[in-house]
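Working notes, beginning with the structure itself.
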2 protein chains.
Amino acid sequence: MEYRIQEISNMFHIPISTIRYYDKQGLIPNLERDHAGNRIFHENHIETLRVIECLKRIDMPIKDIKEFMHWVAMGDETITKRKDMFFRQKKIVEKKIMELQETLNMIDFKCWYYTVAEEDQTEEKVKQMLPQDMPQEIRQKYFNSHKKKESK
Amino acid sequence: MEYRIQEISNMFHIPISTIRYYDKQGLIPNLERDHAGNRIFHENHIETLRVIECLKRIDMPIKDIKEFMHWVAMGDETITKRKDMFFRQKKIVEKKIMELQETLNMIDFKCWYYTVAEEDQTEEKVKQMLPQDMPQEIRQKYFNSHKKKESK
DNA sequence: TCTTGACCTAAACTAAGGTTTAGGTAGTAC
DNA sequence: GTACTACCTAAACCTTAGTTTAGGTCAAGA
């Protein structure tokens, strides 16, 4: 099955200009052209774009994605490199999730804080509130989001 | 207690140039200068920078951070705006975490895939493997990370 | 044949988020 | 008094990740 750039664009909800940009940056190796020079995509290129989607989601820079894609194109001799790369990415994503979880704690604290402030019609009261007067789960988020700074 | 830009830079591990940039962009309202024009930071500015750190972590653009900081500077009349903003950000971060969790599933699948490929010294065998032949938890991650595309 | 639509390229442009540079001031140290 | 350090500014510059533009090709339909 062959696909044209427009179909790929619809399939992935990526603008055509972006797909061409990815190709130009070398993110889609072995992409062939028809007699007229039009890009022709096959299943393997769709798989490539799926991987690009995944790698982009974790903010991997274009040039790293390119390197990875070239390893894929080089075949079995680069399996270990690719494996190592995914294990490194796993750590990075796990760390990101943990950081976001911490951020969420901070946000939850702020949500609570402003909900109280709104009820009071002023920040003054909640600003003065001591941790022991906060609801249990908020107190935890508060310590959670402030601990880093306090340990310095 | 007063702080100079260098101390703030060390405290937050942010380059001086970046702090000046934030100030220029209006992210640190009410920052005063000494007789010589040097920026003088107080506890409230440190709190501001802590909030900036938090908002940056969730990729809030500079101009939104600026808006928020100005609401803070405006006092109690903007409490509801700020509260609403944090509730919106809460949703955004929760969504990001879910997306990253999905990405992690994809990565876990790839880690398994390349671990098998490395053992086999070739991708061929694992590439042909059917879901029912994969380990239980990998099969789930596989379906998890491929379901979106298959439902289209 | 003419036109229309989908495609192509190179290169300029954009936006975000800083960083670097060039030139200058203020306060302390010798 | 001059050297040194920390600070200042405006403006140019940089990188990333695209987007837009201007000009062109190709195949199909009226």
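A note on names: the letters A, B, ... follow the listed sequences, proteins ahead of strands, and every chain is numbered from 1.
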For [X] and [N], give me the distance from atom [atom1] to atom [atom2], rounded to whole Å.
{"X": "A:Arg4", "N": "C:dG5", "atom1": "CZ", "atom2": "P", "answer": "15 Å"}
{"X": "A:Asp59", "N": "D:dG18", "atom1": "CG", "atom2": "C1'", "answer": "15 Å"}
{"X": "A:Glu7", "N": "C:dC7", "atom1": "CD", "atom2": "C1'", "answer": "13 Å"}
{"X": "A:Ile5", "N": "D:dC26", "atom1": "CD1", "atom2": "P", "answer": "18 Å"}
{"X": "B:Asp64", "N": "C:dA15", "atom1": "CG", "atom2": "C1'", "answer": "14 Å"}
{"X": "A:Lys24", "N": "D:dT16", "atom1": "NZ", "atom2": "C1'", "answer": "15 Å"}
{"X": "B:Asp23", "N": "C:dG18", "atom1": "CG", "atom2": "P", "answer": "14 Å"}
{"X": "B:Ile52", "N": "C:dA16", "atom1": "CD1", "atom2": "C1'", "answer": "16 Å"}

For B:Ile40 and A:Pro61, take the nucleotide of DNA chain D holding the closest heavy atom to each; which residue's nucleotide lies nearer the 5' end?
B:Ile40

If only side-chain N and O atoms of [X] are considered, is one of them under 4.0 Å from the OP1 or OP2 phosphate oxygen of [N]?
{"X": "B:Tyr22", "N": "C:dG18", "result": "yes"}
{"X": "A:Gln25", "N": "D:dA17", "result": "no"}
{"X": "B:Tyr21", "N": "C:dT20", "result": "no"}
{"X": "A:Arg33", "N": "D:dT25", "result": "no"}
{"X": "B:Lys56", "N": "C:dG18", "result": "yes"}

Nearest-0.5 Å distance, [atom1] of residue [X] to [atom2] of residue [Y]:
{"X": "B:Met11", "Y": "B:Ile19", "atom1": "CE", "atom2": "CD1", "value": "9.5 Å"}
{"X": "B:Leu104", "Y": "B:Lys141", "atom1": "CG", "atom2": "NZ", "value": "6.5 Å"}
{"X": "A:Ile62", "Y": "A:Lys56", "atom1": "CD1", "atom2": "NZ", "value": "4.0 Å"}
{"X": "A:Phe87", "Y": "B:Asp108", "atom1": "CZ", "atom2": "CG", "value": "8.5 Å"}

How would you label the contact of B:Ser17 with the nucleic acid (heavy atoms, under 4.0 Å): base, sugar-phosphate, or nothing?
base

Students often get this wrong, so: under 4.0 angstrom with heavy atoms, is B:Arg39 touching a base, only sugar-phosphate, or nothing?
sugar-phosphate

Looking only at the side chain of [X] (C-beta and beyond, no hydrogens), which of the listed nucleotides [options] gets closest?
{"X": "A:Gln6", "options": "D:dC7, C:dC7, C:dA26", "result": "C:dC7"}
{"X": "A:Arg20", "options": "C:dG17, C:dA26, C:dC7", "result": "C:dC7"}
{"X": "B:Lys63", "options": "C:dA16, D:dC7, D:dA10", "result": "C:dA16"}

Would you call A:Arg88-A:Asp64 a salt bridge at under 4.0 Å N-O?
no

Taking the six-membered ring of A:Tyr21 (Phe, Tyr or Trp), confirm whether the NZ or CZ of A:Lys24 is under 6.0 Å from its centre and within 45° of its axis.
no

Can you work out whether B:His35 or B:Ile62 has the more 5'-proximal nearest nucleotide on DNA chain C?
B:Ile62

Starting from the 5' end of DNA chain C, give me the residue, B:Thr18 or A:Phe41, whose nearest nucleotide shows up first.
A:Phe41

